[in-house]
There are 2 protein chains.
Amino acid sequence: MDYPQSQGARAIGARLRRLSDAIDADAARAYSVLGVRFEQRWFGVMNQLLEREAATVGQLAEALGITHVSVSQTRQSLEKAGLVTAEADPSDARKRRLRLTAEGRDMAARLRPLWRAFDAAAEEVDADAGGIVARLSELEKALKQASMFERIMVHLDKAGDR
Amino acid sequence: MDYPQSQGARAIGARLRRLSDAIDADAARAYSVLGVRFEQRWFGVMNQLLEREAATVGQLAEALGITHVSVSQTRQSLEKAGLVTAEADPSDARKRRLRLTAEGRDMAARLRPLWRAFDAAAEEVDADAGGIVARLSELEKALKQASMFERIMVHLDKAGDR
DNA sequence: CGCTATTATGTAGGTGCCTACATATTGTCA
DNA sequence: TGACAATATGTAGGCACCTACATAATAGCG
């Protein structure tokens with residue numbers, strides 16, 4: 001038994017990160033094997049742009065559940081790679097409308113089999129891990145109901161009572 | 001239902017990361033409320049040094065399940081903060097022996113109640129999320145048995161057969 | 001219409017980990 | 001004993017996100 005496991009619940013944050021990093025690294029490796037330069041964070045944005053053709057930074061952020069800053073930064077590297085274009089929205093100069101370029105669409109088509117394989121691998125792993133995905137949903141819900149910070153503070157106050 | 005949940009298993013890596021980041025941020029906030037400057041990554045190293053008094057970079061890396069590079073970098077910021085000292089091992093000049101300083105011990109003592117509160121909060125969340133910690137262990141085991149990369153490749157080959 | 005509040009997105013710097021590569025030390029073997 | 005393999009740790013750069021702060025545009029109100 002290694003350290004994270006020996007620590008029970010306390011190492012949960014660290015374990016989540018390491019699992020995430022491991023999965024990301026494996027995905028990167030898969031792209032690399034196909035000879036494709038691809039940033040993992042592009043997937044969410046590209047997938048959304050495939051589904052809806054155009055979207056603003058804010059819309060993507062909301063849809064993906066990340067900050068607008070992350071979307072903005074991702075957008076910049078996507079543009080640099082020629083996969084996405086960004087233009088001001090006609091009805092509101094603050095908004096930037098993002099679209100896949102033809103090259104972006106080609107890339108997505110090319111990666112479709114790989115993304116399918118990702119899906120299959122992920123479902124397999126979910127089954128092997130006793131339904132981790134449903135548990136993640138529950139964890140997200142639990143933290144939305146009461147954040148770790150709030151919980152920590154409650155226990156800290158209790159300790160202070162002694 | 002937001003995007004990560006709507007994507008089922010495929011967004012597992014991203015979800016793990018976001019949960020991890022959220023928990024880290026909450027922990028950071030708790031330290032901040034106590035007026036303590038503390039890096040989350042210090043916890044694992046400091047806890048080990050409390051338990052065993054001295055340890056090498058390699059030992060800590062193995063115990064914590066992270067790379068020696070991460071330990072080395074953490075050690076450097078801990079030293080800079082005056083919480084840890086590092087000296088060459090008497091029996092092997094390559095090895096660096098790390099120890100908590102008196103200041104490091106004081107810091108740990110001071111944080112004990114907070115770490116206790118972390119533990120309690122984490123166990124609470126584990127219970128609320130239907131035993132996520134055990135599922136994480138199963139996920140770790142599943143990925144050790146067959147990595148995401150290997151699984152992706154298997155499915156990719158299958159797709160190629162069509 | 002002018003002012004203020006709100007909204008949209010960008011810049012800067014940071015987090016905790018990783019891989020690739022590098023250097024120095026120790027161990028082993030002929 | 002010397003050469004080479006193995007071991008220990010460090011440097012550099014990267015990843016995908018975050019918060020704080022900033023600027024510009026729009027909405028709303030008197």
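Just so we're on the same page: letters track the sequence lines, and every chain starts at 1.
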Which part of the nucleic acid, if any, lies within reach of T56(B) when heavy atoms closer than 4.0 Å are counted: base, sugar-phosphate only, or nothing? sugar-phosphate
What is the distance, rounded to the nearest whole Å, between atom CG of L16(B) and atom P of dA16(D)? 15 Å
When we call it a touch if two heavy atoms are under 4.0 Å apart, what does Q76(B) touch: a base, just sugar-phosphate, or nothing? sugar-phosphate
Taking for each residue the nucleotide of DNA chain D bearing the nearest heavy atom, is the 5' side occupied by D92(A) or by G58(B)? G58(B)
Is the side chain of D26(B) donor-acceptor paired with the backbone N or O of M148(A) at a distance under 3.5 Å, no angle test? yes
Within the 4.0 Å heavy-atom criterion, would you say V69(B) contacts the bases, only the backbone, or no part of the nucleic acid? base
Listed nucleotide nearest any side-chain atom of K95(B), set dA6(D), dT26(D), dT9(D): dT9(D)
What nucleic acid atoms does A25(A) come within less than 4.0 Å of, heavy atoms only: base, sugar-phosphate, or nothing? nothing
When you check the phosphate oxygens OP1 and OP2 of dA16(D), does a side-chain N or O of S70(A) lie under 4.0 Å from one of them? no
Remember a base hit wins even if backbone is also touched, and classify S20(B) as base, sugar-phosphate or nothing at under 4.0 Å, heavy atoms. nothing
Ranking D21(A) and T67(A) by the position along DNA chain D of their nearest nucleotide, the one closer to 5' is D21(A)
Step through the shown structure and confirm whether more than 12 heavy atoms of other residues, nucleotides or ligands are within 6.0 Å of CZ on R52(B). yes
Taking only N and O in the side chain of R96(A), is any of them less than 4.0 Å away from OP1 or OP2 of dG10(C)? yes
Tell me yes or no: between the side chains of R15(B) and S137(A), is some donor less than 3.5 Å from an acceptor? yes
E39(B) has a side chain; which of dG16(C), dT7(D), dG10(D) sits nearest to it? dG16(C)
State whether R41(B) places a side-chain N or O below 4.0 Å from either non-bridging phosphate oxygen (OP1 or OP2) of dT15(C). no
Select base, sugar-phosphate, or nothing to describe what R75(B) touches, counting heavy atoms under 4.0 Å on all strands. sugar-phosphate
